[in-house]
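Below: the structure, in structure tokens.
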Protein chains: 2
Amino acid sequence: MFNIAAVERDTGLSKDTLRVWERRYGFPTPMRDDNGDRAYPIEQVEKLRLIRRLLDMGKRPSKVVGASTEDLLREIDALQAPCETDIAEPEDDFLRLVRLHRSDELRSTLQQMLLKQGLQRFVSETVDRLNIAIGQSWMRGELDVSEEHLYSEQLQNVLRNAIGSHSSAGSRPRILLTTFPEEQHGLGLLMAEAMLVPEGACCISLGVQTPLADIRNAAIAGNFDIVALSFSGAYPARQAVEGLKQLRNLVPDGILLWAGGAALQGKQSRLEGIRVITSLQDAVTALGEWRTAHQS
Amino acid sequence: MFNIAAVERDTGLSKDTLRVWERRYGFPTPMRDDNGDRAYPIEQVEKLRLIRRLLDMGKRPSKVVGASTEDLLREIDALQAPCETDIAEPEDDFLRLVRLHRSDELRSTLQQMLLKQGLQRFVSETVDRLNIAIGQSWMRGELDVSEEHLYSEQLQNVLRNAIGSHSSAGSRPRILLTTFPEEQHGLGLLMAEAMLVPEGACCISLGVQTPLADIRNAAIAGNFDIVALSFSGAYPARQAVEGLKQLRNLVPDGILLWAGGAALQGKQSRLEGIRVITSLQDAVTALGEWRTAHQS
DNA sequence: TTTTATGTTTGTCATGGACAAATGGTTGAC
DNA sequence: GTCAACCATTTGTCCATGACAAACATAAAA
């Protein structure tokens, strides 16, 4: 049983939204605890996550919030069919390791792939595909939370290790990486860093959850050229756009803002003065643009 | 002018809290826009940030939310004066690096100390003291969020790197490390891991925020001997005790439970069937106890 | 000194109404 | 057929006020 704050954390849907959906569409239908507060059963939270997925894919709430779980799964399958071709064997083998909790082999497999492919290709191809495979498995209920955490931890170990062995002290541009306060997921930051560091950029990550004002202060105090923000799929797109505009006003024009991640798909138009990073490769492109503009 | 969502992002105070303070204490006093929505002037947002600082230092809202800006500044000054005795020079030098955002030197300094002292001594002495020094500086307002994040990230890099270079696959005991869902801080886990790995324990961390049921599943599926939980000072002690009891009922008796961290100071008595880890050194002691009991 | 009981304080949740911004579809001009 | 302008719906966020449990402090008892 989850209270409304927990559901907000888990689904990325605001408390207000959850209450208004209940009123308008008749879903979710939480029980009540002794105190009269909403208590959401786990199945409803999972269904809400499905709905979230469909909304991100462009469906409208009125079409999906009332629907049955079966219909939702059908719709997701239908929309996923095109890009689903390619959960190839390597990913499948890998998922098996995750499901068996073979953490040592997990790590050494990742490490091996990294060595074979080099950091950038490893991240932009292998890790990118693995994340998708993991995400899909999770949606299908084939993985549980602990297995996803295990993967995430091992990947983090491998990436941090690899990034740490590049030394780019003193080089340019200086890039500050972080996320907004409500964002929990830091893997995107690490992946971005992994793409940029081999190009000779000087990346400094603050991890997740830095308040806007502190991002500003750090950007100025640390003499940064670029501030890069990451938004996971769970982050409300609207808040992301709003926050980015605000940050754009806070930091001096001389400092560029980059923003990337699943939450920003298709939002480029609304973001003036901000370079939206559309893919991991695009981060390298953006770095090239900066270099062209600043050769002197 | 900030709307209420922006102020929430900036100050970390929830919309509900902002509205209820206005009602109860007569501050803040936002203007209204054409739509009747609250519009906070920048000065009030800054004052709210001051108030936030005082609350973090232990003041109570009723004492500070109504006060004048001058009084607030005076109070902050007053609280900063004491407890200044015991920050030795090495820590002070180190803090200077943090304050200057010298992330590269920060990392190499940590790395050097680690090499000189060895992983265990580094963690149980140096890091322990640094954490305290950072905490105190933070209370005094000498550090901001971004600086604390910077320290935490660099330390994490160094620790993960060091832990990764010990290979203890296949050894015993197998220890699962993680935290409860509401816990945000993962440094404690890393520090514990750093104490245990050199002793030959096989540590697997799931990172923070694993639901109880998933901890149970992972513990059983991964064939673990011990499950270790970490609780930062910010975690409500009562919830920790409650959750630990519940977890004790979920996992088989054959699997030991260890629990440590600031939130558990003085709570040993209430925790039957759980080994409370009172310090980083004590983790090593507890490991010795397990070995004595399981030599065969 | 430590534990237990008793008031206060404080953050979060509930309800139901309102509205602006976003979206989808339709019409008419080029 | 494409594009722009228009209108109707949809949708998320905000508001006001009331309520209450958990956290906290303080006083009394062991």
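Below, chain A is the first sequence line, B the second, and so on; all start at residue 1.
What separates CG of A/D34 from C1' of D/dC20 is a distance of 13 Å, to the nearest Å. In this structure, A/D33 places its CG atom 16 Å from P of C/dT12, rounding to the nearest Å. D/dG12 atom P lies 12 Å from atom CG of A/D56, rounded to whole Å. Between the C1' atom of C/dT12 and the CH2 atom of B/W21 lies a distance of 14 Å, rounded to the nearest Å. In this entry the distance linking CD of A/Q239 with C1' of C/dA22 reads 17 Å, nearest Å. When the P atom of D/dT9 is taken as reference, atom NZ of A/K63 falls 13 Å away, rounded to whole Å. Taking atom CZ of A/R38 as the reference point, atom P of C/dT15 lies 5 Å away to the nearest angstrom. Rounding to whole angstrom units, CG of residue B/N3 and P of C/dC19 are separated by 18 Å.
Each of A/G58 and B/L55 was matched to the nucleotide of DNA chain C holding its nearest heavy atom; the match closer to the 5' end belongs to B/L55. Mapping B/E22 and A/P61 onto DNA chain D by nearest heavy atom places A/P61 at the nucleotide closer to the 5' end.
B/T210 and B/D214 form no side-chain donor-acceptor contact under 3.5 Å, judged by distance and modelled atom types alone. For the residue pair A/S14 / A/D16, no side-chain donor-acceptor distance below 3.5 Å is found, with atom types taken as modelled.
Using a 4.0 Å cut-off, some side-chain N or O of B/K15 falls inside it from OP1 or OP2 of D/dC14. In this model, the phosphate group of D/dT26 is not approached by any side-chain N or O of B/R60 to a distance below 4.0 Å at OP1 or OP2. Phosphate proximity of D/dT10 to A/Y25: absent, as no side-chain N or O sits under 4.0 Å from OP1 or OP2. Contact annotation: A/T17 reaches the phosphate of D/dT13 (side-chain N/O to OP1 or OP2, under 4.0 Å). The shortest distance between the side-chain N/O atoms of A/S62 and the OP1/OP2 oxygens of D/dT9 is not below 4.0 Å.
Salt-bridge annotation for A/E75 and A/K63: absent, with no side-chain N of the basic residue lying under 4.0 Å from a carboxylate O of the acidic one. Salt bridge A/R53/A/D56: absent, no basic N to carboxylate O contact under 4.0 Å. The pair B/E22-B/R38 meets the salt-bridge criterion, since a charged nitrogen lies less than 4.0 angstrom from a carboxylate oxygen.
Relative to the side chain of B/R32, the nucleotides C/dC19, D/dC15, D/dA21 differ in distance, and D/dC15 lies closest.
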Using a cutoff of under 3.5 Å, can you pull out all pairs of nitrogen or oxygen atoms linking the protein to nucleotides 16-18 of chain C, with atom names and distances?
residue	atom	partner	partner atom	Å
C/dG16	N7	A/R23	NH2	3.1
C/dG17	N7	A/R23	NH1	3.2

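Put simply, the side chain of A/I4 does not reach to within 4.5 Å of the side chain of A/D37, judged on heavy atoms.
With sequence neighbours excluded, the residues forming a salt bridge (charged side-chain N to carboxylate O under 4.0 Å, His left out) with B/R49 are B/D10, listed by chain and number.
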